[in-house]
S.K.: 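Structure incoming, see below.
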Amino acid sequence: MDPLLHGHDPETGIVAVQQAGDSRVKLYVRSGASVSAREAEFFPFFFLTDASFLKGFPERHWVGELGGNNFYRYICAFTGWHDMWEAIHFIIDNYNRQHETKIESYTDAGLLHIRADPVSQFLMQSGKTLFKGMIFDDLYRLQLDIETYSPKGFRFRNPNRQDDRVILAALSDNRGWRFDINGKGKSERDILEELANTIKEKDPDVVEGHGILNFDLPYILKRCEILGIDFAVGRDGTVPHSFDPRSATGDRAPDYPLFEIAGRHVVDTLHLVQSYDATKRTLDNYSLAYVAQYLGFAKPDRTHLTADRIPWCWHNEPDTLIKYAVDNVDETKRLSEYLSPSTFYLSQMVPSNYGSLARLGSAAKIESILLREYVRQKHSVPKPQAGSQSTGGYTAIFYTGVLGPILHVDVESLYPSIMISEKIRPTSDGLGVFEHVLTQLTSIRIDAKKKMVSSEDPSEKAKLDALQASYKILINSFYGYLGYSQGLFNDYAAADRVTRAGHKVLARLIEEISNTGGKVIEVDTDGVFFVPPNSVRTRSDEDDLVAILSSTLPNGIRITVDGRCKRMLSYKKKNYALLGYDNKISIKGSSLMSRSMEKFGRYFINKCIEGLLIGNVDDIHRVYESLHNSISQHRLPVNDFARAETLKDSTERYTKEVDSGKRNRTASYEVAIASNLHSKPGDKVFYYITGTGAGVKGFENCKSADDWDPNFPDENIPYYLKRLDEFAKKFEIFLSQEDFHAVFSVEGLFSFSPESIRVLTLPAGEMASEATGDEEEKFDIDPKIWLDEG
DNA sequence: GGACTCCGTATACC
DNA sequence: ACGGGTATACGGAGTCC
């Protein structure tokens, strides 16, 4: 246990910390099956630039001068949370008396720095963290799902309506317990009281649910309020209370109300799924049944029900509804087991509450760790540097076309390795915490991975994997932190040194690959796609090649095989498609295929890519022709050509900015306004283009997809034919001019013959100008058969 | 009116 | 595993001929 990384207090088993009054916190400590509570003192504090701002503040307080010469040279501590805020207002008033430009909030002039969350403050000053000495399964977790009934004629459930009610609840825990409260023949009061008593009796550390923050909890609490029930499930006997998260970034944060149950944590698996998909972008929707299916732990006999079937089911087959709810809690448990552990293990390091950690950015996690040590050593703290980073990752494309076989190698932890080996760290970090923590994390991650590989026990393996994954999240954020504008310890020059060193490593790697006779196709930041030399035919040849390449790179820099595939369709930087040895195709990049594209376009591009990769040009021609005909004859349903766009701003804001000339009109907002629904940011709009002529303005000729009438289709045929040709144009670079026109045309006098058509492979980018003329280079596309595969 | 550039917004990769 | 740099597409406005 490293004190800088895990905090300097070794106390184990803390499962929850909550503020208890103005100057105390309550700690809940688990020891085996029992949990005990105790109170502890804490002193609210903040960092201040100039102690004179607090001169004359009447309440009891301490001002300590800190070591070093950083911007925030004083730490101010108070006996209570209330006094601390009084002091902040005192400082603002003081400042406004002395300065012309007035400030309203403590964030305005950067006079002081504060973590406005009392639990973080306590953890920071005490050096304690949650869950020390525990593994994920030691945490006692309870899953919850309720079903509700809305009277006939109402599509949506609404707890405020007299006749809306909770009809049943299903519960489970991570010790194998399952329970349901069947509301048949029970009053809603009975159900809710039994639910509250069950939760109190089971006494979980965590309450989990899919959509629990948006639906289950608010619904339950509203019904309890109407019925006059005390839903006192807090560990101190209090009712859950909601609070608005202070969205630090402000503009685009999806503000949902959060709930706090005293002494416990509330985990919404829906939010876990959302953040999981934010980077992966592979999920079609976030419904529990779909995600469970996708991740492979849905039971074959899982009960499926749509919301509109629930009333019928409740009247005719209540047992099916109960089974449905039980399946829901089962899957919620599995989902949480899959997505929660990395946050759990991060909680053992970062001085933050379990729930808030999931919402915290990675920069804030690192900064909390740094600040904890600065508080302990009573050292002054810097303010963020102004400026910006001037370089980023290295990108290049050398060939377009269809090439293969492909090896994708990447430099393992490129930026962290560079930061460690070249000792790059923020200049303002006088205590050297940044470097220490990064080095420490890296070495314990390697340890965990080693142990994971050699472990025989699957549950031990899973624990170590979660552990190393949580280290990785932190490790990968250190570079980003250097260039983060709000980071107290940011250092743009250091960030630039890292990226420049990265360029050098990549340039070296590209050179070495070429030296061995490999053809480099595309490079992005830390990965290289290339065609290995002909002599490399088996996996062990590949491993040998990678070992040779690794040995030519600077110490501490290693490369690994990230993937291998039969062929690659190289289109543009960050845009390519791969044909795997399992014949699966994966497409990357928004320019080839974007979510905002019309459905028929996505289908068409998919077919084109498939045709080019497997060498079936005939198919491409046929798909083009059939789509061309379908569009011309109004045979596509509206879903195939409507566009889905997400509104980023309110329609009011849009109208205001259009009127003041700040922004152009766009189809999506015009449709939202015309359809007269109250649309809010984040809403999706489905629309299509009407009018005559391919060149119409979208914002003047758009209609909601709901208004499309299959009996009187009014979509703009020339416009959608133009769209089809625009999609086809993406493939121009892969074919000669004649071939291109032959493939992407409707049958003329002569029928299409695919025999003579060849797919071009051309030097791209800077190489294109170096190459003599435009002639094609010859590549063997000869998927190798791996000896160890089938 | 077409060709061109410039700009803001959106999406996606690492 | 949300932060920022890099890359690309697209619609619309302004400009020039």
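In what follows, every chain begins at residue 1, and chains take the letters A, B, ... in the order their sequences are listed.
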S.K.: Rounded to the Å, how far apart are A:Tyr687 OH and B:dA10 P?
M.R.: 11 Å
S.K.: Just to verify, what does A:His6 make a ring-ring contact (aromatic ring centres under 6.0 Å, His included) with, not counting sequence neighbours?
M.R.: none
S.K.: Suppose we screen for ring-ring contact (aromatic ring centres under 6.0 Å, His included). Which residues come up paired with A:Phe600, at least two apart in sequence or across chains?
M.R.: A:Phe727
S.K.: Give me the distances for all protein-to-nucleotides 5-10 of chain C N/O pairs that come in under 3.5 Å?
M.R.:
unit_1, atom_1, unit_2, atom_2, d
C:dG5, O3', A:Gly392, N, 3.3
C:dG5, N2, A:Lys574, NZ, 3.1
C:dT6, OP1, A:Gly392, N, 3.1
C:dT6, O3', A:Thr395, OG1, 3.4
C:dA7, OP1, A:Thr395, OG1, 2.5
C:dA7, OP1, A:Lys573, NZ, 3.2
C:dT8, O3', A:Ser591, OG, 3.2
C:dA9, OP1, A:Lys572, NZ, 2.3
C:dA9, OP1, A:Ser591, OG, 3.4
C:dA9, OP2, A:Lys572, NZ, 3.3

S.K.: Specify the separation, in whole Å, of atom CZ of A:Phe489 and atom C1' of C:dG3.
M.R.: 19 Å
S.K.: For A:Ser362, which contact category applies under a 4.0 Å heavy-atom criterion: base, sugar-phosphate, or nothing?
M.R.: sugar-phosphate
S.K.: Of all residues at least two apart in sequence or in a different chain, which pass the side-chain hydrogen bond (donor to acceptor under 3.5 Å, both in side chains) check with A:Gln385?
M.R.: none
S.K.: Tell me every residue that passes side-chain hydrogen bond (donor to acceptor under 3.5 Å, both in side chains) with A:Glu598, counting only those two or more places apart in sequence or in another chain.
M.R.: A:Arg723
S.K.: Which part of the nucleic acid, if any, lies within contact of A:Lys697, taking any heavy atom under 4.0 Å across all strands shown: a base, the sugar-phosphate backbone alone, or nothing?
M.R.: sugar-phosphate
S.K.: Please work out if A:Phe478 contacts a base, only the sugar-phosphate, or nothing of the nucleic acid, heavy-atom cut-off 4.0 Å.
M.R.: nothing
S.K.: Could you check whether A:Tyr571 and A:Tyr576 have their ring centres less than 6.0 Å apart?
M.R.: no
S.K.: What class does the angle between the rings of A:Tyr354 and A:Phe131 fall in, given that below 30° is parallel, 30 to 60° is tilted and above 60° is perpendicular?
M.R.: perpendicular
S.K.: Let's test your reading of the pairing rules: Watson-Crick or G-U wobble, both distances under 3.5 Å, then write DNA chain C as a dot-bracket string with ( ), [ ], | and dots.
M.R.: ...||||||||||||||
S.K.: Under 4.0 Å between any heavy atoms, over every strand shown, what does A:Ser477 touch: base, sugar-phosphate, or nothing? Just pick one.
M.R.: nothing
S.K.: Looking for any heavy atom pair under 4.0 Å, which part of the strands does A:Tyr481 touch: base, sugar-phosphate only, or nothing?
M.R.: nothing
S.K.: For A:Tyr687, give me all partners under side-chain hydrogen bond (donor to acceptor under 3.5 Å, both in side chains), at least two apart in sequence or on another chain.
M.R.: A:Glu645
S.K.: Just the rounded figure in Å: distance from C1' of C:dG4 to CD of A:Gln486.
M.R.: 12 Å
S.K.: Does A:Gly698 reach a base, just sugar-phosphate, or nothing at all? Heavy atoms under 4.0 Å.
M.R.: sugar-phosphate
S.K.: Can you check the A:Asn490 CG to C:dG3 P distance for me, whole Å?
M.R.: 14 Å
S.K.: Using whole Å, report how far CG of A:Leu647 lies from C1' of B:dA10.
M.R.: 13 Å
S.K.: Without decimals, in angstroms, what is the distance between A:Lys588 NZ and B:dT11 C1'?
M.R.: 14 Å
S.K.: Rounding to a whole Å, what distance do you find between A:Ile559:CD1 and B:dC14:P?
M.R.: 17 Å
S.K.: Which residues pass the ring-ring contact (aromatic ring centres under 6.0 Å, His included) test with A:Tyr492, not counting sequence neighbours?
M.R.: none
S.K.: Do the rings of A:Phe744 and A:Phe604 sit parallel, tilted or perpendicular, given the 30° and 60° boundaries?
M.R.: perpendicular
S.K.: Only counting residues at least two apart or in another chain, list the ones meeting salt bridge (charged side-chain N to carboxylate O under 4.0 Å, His left out) with A:Lys574.
M.R.: A:Asp524
S.K.: Considering residues at least two apart in sequence or located in another chain, which fulfil the ring-ring contact (aromatic ring centres under 6.0 Å, His included) criterion with A:Phe478?
M.R.: A:Phe434
S.K.: How would you list, by chain and number, every residue that makes a side-chain hydrogen bond (donor to acceptor under 3.5 Å, both in side chains) with A:Tyr654, sequence neighbours excluded?
M.R.: A:Glu670
S.K.: Each nucleotide in nucleotides 2-9 of chain B should get exactly one letter: B, S or -. Can you fill that in based on protein heavy atoms under 4.0 Å?
M.R.: --------
S.K.: Without decimals, in angstroms, what is the distance between A:Ile605 CD1 and B:dA12 P?
M.R.: 13 Å
